[in-house]
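Beneath this line is the structure, given in structure tokens, with notes to follow.
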Protein chains: 2
Amino acid sequence: MKIMIVEDDLTIRDMVGETLEKWGFETVKIEDFDQIMQVFLNHDPHLVIMDINLPSFDGFYWCSKIREISKVPMIFLSSRDTPMDIVMSMNMGGDDYIQKPFHMDVLIAKINALLRRTYSYMETQSQTMEHDGIILNLENGEILHGDRKSELTKTEFHILKILMKNKGIIVSRTKIMRSLWKNENFVDENTLTVNIARLRKKLVELGKEHFITTKKGQGYIIQ
Amino acid sequence: MKIMIVEDDLTIRDMVGETLEKWGFETVKIEDFDQIMQVFLNHDPHLVIMDINLPSFDGFYWCSKIREISKVPMIFLSSRDTPMDIVMSMNMGGDDYIQKPFHMDVLIAKINALLRRTYSYMETQSQTMEHDGIILNLENGEILHGDRKSELTKTEFHILKILMKNKGIIVSRTKIMRSLWKNENFVDENTLTVNIARLRKKLVELGKEHFITTKKGQGYIIQ
DNA sequence: AGGAAACCTTAATATAAACTTACAGCTTGA
DNA sequence: TCAAGCTGTAAGTTTATATTAAGGTTTCCT
């Protein structure tokens, strides 16, 4: 499990990082606070530890930026502990709040509890997604329709998964592109179009037309 | 959402129950502490609030009993607050820990955060705005009226959203135009008129006339 | 009532977003 | 090392939708 640490106090950052590694977690520490989003997109961590007081923008700001694109579990750290701070943290999309100074044992226990809550269902979670007769096998990237099946490439699979996960909701092209190519922001806009076309072609070959709808100027939707 | 409260102090139990109900939660309060498992099985709550100090068996015991059969989210309450208590709570399968005495705001915030995390599908329940029978779906840009529906383009959607957000208030044409076209101040005044017309046409097709009223010289209003 | 803003209607036109098709660089594995 | 399939690029095309244009209403003030 990979944990991203956003904390400007070097002592705390190192201590937390070291302890987490001792516990077998992989850590990603933010050093340049202008690069938070890029680092997040690059590493796609399983959990984020976020200090509230940071240089320039604060932890709440970065939380809401991350929440625009991800539901990653997040624990706030802060030396203040009025009820308002706690309520604020939760309302911004945080999952827990720990007051500094804290015992590492407590942090570890809370991280474990939150990871268990977030990812445990994954084991029992069904290995397929279904919508309107199309079954997407998450294990091997196959799509089924009736008795016909087809294999998707990595990119096609990724696109279909994100669209099916958001069925009934318009997913913008930039959101898909960010999710596919992280911060390699030099990939052509058209690359997505081509991949969508390839995916659609396979769906049509299975006898499924109009599965992905284009919302011009807005994105794509499965409904 | 149904919340089970396991707390022997009558004052706290009632206060928590009352507040939760004020927030729209259904509550199940334990009165007979030999019946915890039966009540749990009967009601199948979405979340459990568990005091640690209870008559006969303590909260940890009941937590582990419940964990044998369910992954229901659980928040512990206790007046003690050594790191050990917190760590213990988490390790027993709890999701959070609140020290007594606590602010109800904090409890509510933690409950909401935990429910959000556990039943994340709640977030996918569609976000809408409603006024006078017209429902605007913010996630797929559709408008509904009774059983009829219509799809909006990006511009139409933007206009309707800004008008519904300001329902009962006159929104000036310049305000709408600035919001739509930012600083491209070279777009024709009439462009807005045409888009309003198209939007109205779709509303009429749904059987809704006079939804957007023109206030000559002032702007448009939905009332 | 008369006139002029302000706004509406309809239809033609322009445009940017998305699509199609073809191709070439890679990777992978036989 | 060569074939097969994946992936991104390029160039040209289509199309949904915004914009323009031109003439028609409504509203409101004197």
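Side-chain atoms are counted along with the backbone in the values below, which use heavy atoms only and exclude waters and symmetry mates. Below, read A as the first sequence line, B as the second, and so on, with proteins coming before strands; counting in each chain starts at 1.
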Any chance the side chains of B:Arg178 and B:Ser172 put a donor and an acceptor closer than 3.5 Å?
no
A:Arg117 bridged to A:Asp95 by N-O distance under 4.0 Å:
no
Length of the line joining [X]:[atom1] and [N]:[atom2], which is rounded to integer Å:
X: A:Ile170; N: D:dA16; atom1: CD1; atom2: C1'; result: 14 Å
X: A:Ile196; N: D:dT9; atom1: CD1; atom2: C1'; result: 17 Å
X: B:Glu189; N: D:dT19; atom1: CD; atom2: C1'; result: 14 Å
X: B:Lys215; N: C:dC8; atom1: NZ; atom2: C1'; result: 18 Å
X: A:Arg198; N: C:dA18; atom1: CZ; atom2: C1'; result: 15 Å
X: B:Gln218; N: C:dA5; atom1: CD; atom2: C1'; result: 14 Å
X: A:His210; N: C:dA18; atom1: NE2; atom2: C1'; result: 16 Å
X: B:Asp188; N: C:dA14; atom1: CG; atom2: C1'; result: 14 Å

Among [options], which nucleotide sits nearest the side chain of [X]?
X: A:Thr214; options: C:dA18, C:dT20, C:dT10; value: C:dA18
X: A:Thr191; options: D:dG8, C:dT9, D:dA18; value: D:dG8
X: B:Asn190; options: C:dT9, D:dT19, C:dT20; value: C:dT9
X: B:Val194; options: C:dT20, D:dT20, C:dC8; value: D:dT20

Tell me whether the side-chain N/O atoms of [X] come closer than 4.0 Å to OP1 or OP2 in [N].
X: B:Thr155; N: D:dA18; result: yes
X: A:Trp181; N: D:dT7; result: no
X: B:Asn195; N: D:dA18; result: yes
X: B:Arg200; N: C:dT9; result: no
X: A:Arg173; N: C:dA17; result: no

A:Phe33/A:Phe57 under ring pair (Phe, Tyr, Trp, His ring centres under 6.0 Å): CA gap, chis, key distance, verdict
CA-CA 9 Å; A:Phe33 288 84; A:Phe57 293 104; over 10 Å; no
Please test A:Leu47 against A:Thr118 for side chain to side chain contact (heavy atoms under 4.5 Å, CB included), starting from the C-alpha separation and ending with a verdict.
CA-CA 10 Å; A:Leu47 187 144; A:Thr118 309; over 6 Å; no
Looking for any heavy atom pair under 4.0 Å, which part of the strands does A:Tyr220 touch: base, sugar-phosphate only, or nothing?
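Result for A:Tyr220 = sugar-phosphate.
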Min side-chain heavy-atom separation A:Asp85-A:Phe76 under 4.5 Å:
no
Quick one: does B:Lys216 reach the base of D:dT26 with a side-chain donor-acceptor pair under 3.5 Å?
yes
